[in-house]
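Below, read A as the first sequence line, B as the second, and so on, with proteins coming before strands; counting in each chain starts at 1.
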2 protein chains.
Amino acid sequence: MKDNNDMPGHLARRFQQIAVAVFLAEVEDAGFDLTPVQYAALATIKANPGLDQVTLAGLIAYDRTTITGVIDRLVQKGLAERRASSRDRRARELEVTDEGRRTLRKITPAVESAQRIMLRGLSAKEGEELMRLLRKAIAAGNDLSRAPLRDAPV
Amino acid sequence: MKDNNDMPGHLARRFQQIAVAVFLAEVEDAGFDLTPVQYAALATIKANPGLDQVTLAGLIAYDRTTITGVIDRLVQKGLAERRASSRDRRARELEVTDEGRRTLRKITPAVESAQRIMLRGLSAKEGEELMRLLRKAIAAGNDLSRAPLRDAPV
DNA sequence: TACTGATAGTCAGCATACTGATCAATATCC
DNA sequence: GGATATTGATCAGTATGCTGACTATCAGTA
């Protein structure tokens, strides 16, 4: 029988497990307390000021129920703000605070370092190839999870 | 600035997210209720009858605190048994029940189908290459997470 | 305008995963 | 042999992620 440890699903979990551990270690070494999800959300809010939570979720492929808690914690840390939208009273408009902007700026080297470390076993060429194959596999499976990547609405 | 969605860490999370969704869907279609973690644990117990929880955790690279809960649920579903060890009274010896054995046998096609689906965007050759690169990256990063893969003790 | 359906956000509940602590039992070392 | 260190398992606490349900609101239409 095929070794369980050699299945694609298992390898996916292991790589993700290492990626998260490396991210948290690098960020903590740099003196910050931010998870991968929180970083992705914060960076995406900064790039799209005033966007609502559902759009944010789509842009980074998270479930909207997860985003609620992530934003809670970003707000609680003083890095983001959640305001009622004037156009649609159901929606919340998200903004990065000055403190959030400062954090994003200072944390970038740690984030980039983490990306290098998680690929440290591969040559530059192999790293590129791994990313290409992951992108291709993900594109084909995008609609298979509850939280597919979506473009921002017009 | 580099697009956040194009970082290795993000791709890792997305691929893992899709892999889990596909696994759960295929297994549910086959009439079973088992998570990827539960499946991996059950299959590994079957292949190593009587092993303790720490060894199990090392064999599939899970944190031992996570394993406690996973075994709780396997026991509660009647698929595994947890007995006090006679050699070491701190340890628990794990066994698969007849029901667990039956489940493993019947669930295999769904698990294999899930592995194919999560790679459906890639050619056979590309799928092999993706797995090779993941294995290589994982091997280099094995010690970077709290739950590295470990061989069984002698 | 009243009805219907869709959408934004939240919540309860469950299952990973992690950190750090604790307890009981075993190993090791002097 | 007895102090010390280590180890197996669990627990409390926190943060993803998911399903399914619910409320409030919006949009389209008869």
Side-chain angles (χ1 to χ4, degrees), chain A residues 9 13-14 16-25 28 33-41 51-58 60-77 82-94 144-148 150 153, chain B residues 9 12-14 16-25 27-28 33-41 51-58 60-77 82-94 144-148 150 153:
Chain A
R13 188 187 64 81
R14 292 272 289 127
Q16 147 80 355
Q17 177 185 48
I18 291 167
V20 171
V22 167
F23 184 100
L24 292 174
E28 188 187 351
D33 169 32
L34 214 61
T35 66
V37 197
Q38 289 166 17
Y39 171 78
L51 87 174
D52 64 287
Q53 296 185 190
V54 167
T55 303
L56 169 60
I60 51 184
Y62 290 103
D63 193 274
R64 71 191 195 286
T65 63
T66 301
I67 288 293
T68 295
V70 171
I71 302 295
D72 281 350
R73 287 178 280 279
L74 285 178
V75 168
Q76 206 244 315
K77 287 176 182 177
R82 186 195 249 140
R83 289 197 308 263
S85 165
S86 48
R87 292 189 319 276
D88 183 340
R89 282 189 309 171
R90 291 169 303 181
R92 308 277 185 275
E93 286 177 0
L94 303 173
L144 300 178
S145 82
R146 168 161 147 168
R150 291 189 203 289
Chain B
R13 188 187 63 82
R14 293 271 288 127
Q16 147 79 356
Q17 177 185 48
I18 290 167
V20 171
V22 168
F23 184 99
L24 292 174
V27 164
E28 188 187 351
D33 170 32
L34 216 62
T35 66
V37 196
Q38 289 166 16
Y39 171 79
L51 87 174
D52 65 285
Q53 296 185 190
V54 167
T55 304
L56 169 59
I60 51 184
Y62 290 104
D63 193 275
R64 69 192 194 289
T65 63
T66 301
I67 287 292
T68 296
V70 172
I71 302 297
D72 280 350
R73 287 178 280 279
L74 285 177
V75 168
Q76 207 244 314
K77 288 178 184 177
R82 184 196 251 141
R83 289 197 309 261
S85 166
S86 49
R87 293 190 318 277
D88 184 340
R89 284 188 309 173
R90 291 169 302 181
R92 308 278 184 275
E93 287 176 1
L94 303 173
L144 300 178
S145 83
R146 169 161 145 169
R150 291 189 202 289

Rounded off to whole Å, could you give me the CG-to-C1' distance for the A:L34 and D:dT16 pair? 14 Å
Rounded to whole Å, how long is the line connecting atom CZ of B:R92 with atom P of D:dC11? 10 Å
Rounded to the nearest Å, what distance is computed from the CG atom of residue B:D72 to the C1' atom of nucleotide D:dC11? 11 Å
Without decimals, in angstroms, what is the distance between B:I71 CD1 and D:dG8 C1'? 13 Å
Would you mind telling me which residue lines up with the more 5' stretch of DNA chain C, A:T68 or A:Q17, judged by nearest nucleotide? A:T68
Counting just side-chain N and O atoms, does B:Q16 come under 4.0 Å of either OP1 or OP2 of C:dA17? yes
Opposite nucleotide pairing with D:dA9, Watson-Crick or G-U, both atom distances under 3.5 Å: C:dT22
Have a look at B:D63 and say if it touches a base, only the backbone sugar-phosphate, or nothing, with a 4.0 Å heavy-atom cut-off. base
Taking every heavy atom of B:L56 against every heavy atom of B:L94, the minimum-distance pair comes out as CD2-CD1, 3.7 Å
Rounded distance [0.5 Å steps], OG1 in B:T55 versus CD1 in B:I60: 11.5 Å
When you measure only distances, ignoring hydrogens and angles, does the side chain of A:R90 come within 3.5 Å of the base of C:dT7 through a donor and an acceptor? yes
OP1 or OP2 of C:dT16 versus the side-chain N and O atoms of B:R73: is any pair under 4.0 Å? yes
Checking all strands, does A:T66 fall into the base, sugar-phosphate, or nothing category for heavy-atom contacts under 4.0 angstrom? base
In whole angstrom, give the distance that lies between atom CG of A:L24 and atom C1' of D:dA15. 10 Å
Would you classify B:T65 as touching base, sugar-phosphate or nothing, given that sugar-phosphate means primed atoms plus P, OP1 and OP2, and contacts are heavy atoms under 4.0 Å? base
Indicate whether OP1 or OP2 belonging to D:dC26 is found under 4.0 Å from a side-chain N or O atom of A:R89. yes
Comparing B:R64 with B:V70, nearest DNA chain C nucleotide closer to 5' gives the residue B:V70
Can a donor-acceptor pair be found, under 3.5 Å and without considering hydrogens, that links the side chain of A:Q53 to the backbone of A:I71? no
Minimum-distance pair of heavy atoms, taken over all atoms of A:A19 and B:G9: CB-CA, 4.3 Å
Any base atoms under 4.0 Å from A:T35, or only sugar-phosphate, or nothing? Heavy atoms, all strands. sugar-phosphate
Between atom CZ in A:F23 and atom P in D:dA15, what is the gap in whole Å? 15 Å
Looking only at side chains, do A:R13 and A:Q16 share a donor and an acceptor under 3.5 Å apart? no
Consider the side chain of B:D88, meaning its heavy atoms from C-beta on, and name the nucleotide among C:dA25, C:dT10, D:dT25 that approaches it most closely. C:dA25
B:R82 side chain N/O closer than 4.0 Å to the phosphate oxygens (OP1, OP2) of D:dT10? yes
What is the distance, to the nearest angstrom, from the CD1 atom on B:I67 to the P atom on C:dT16? 9 Å
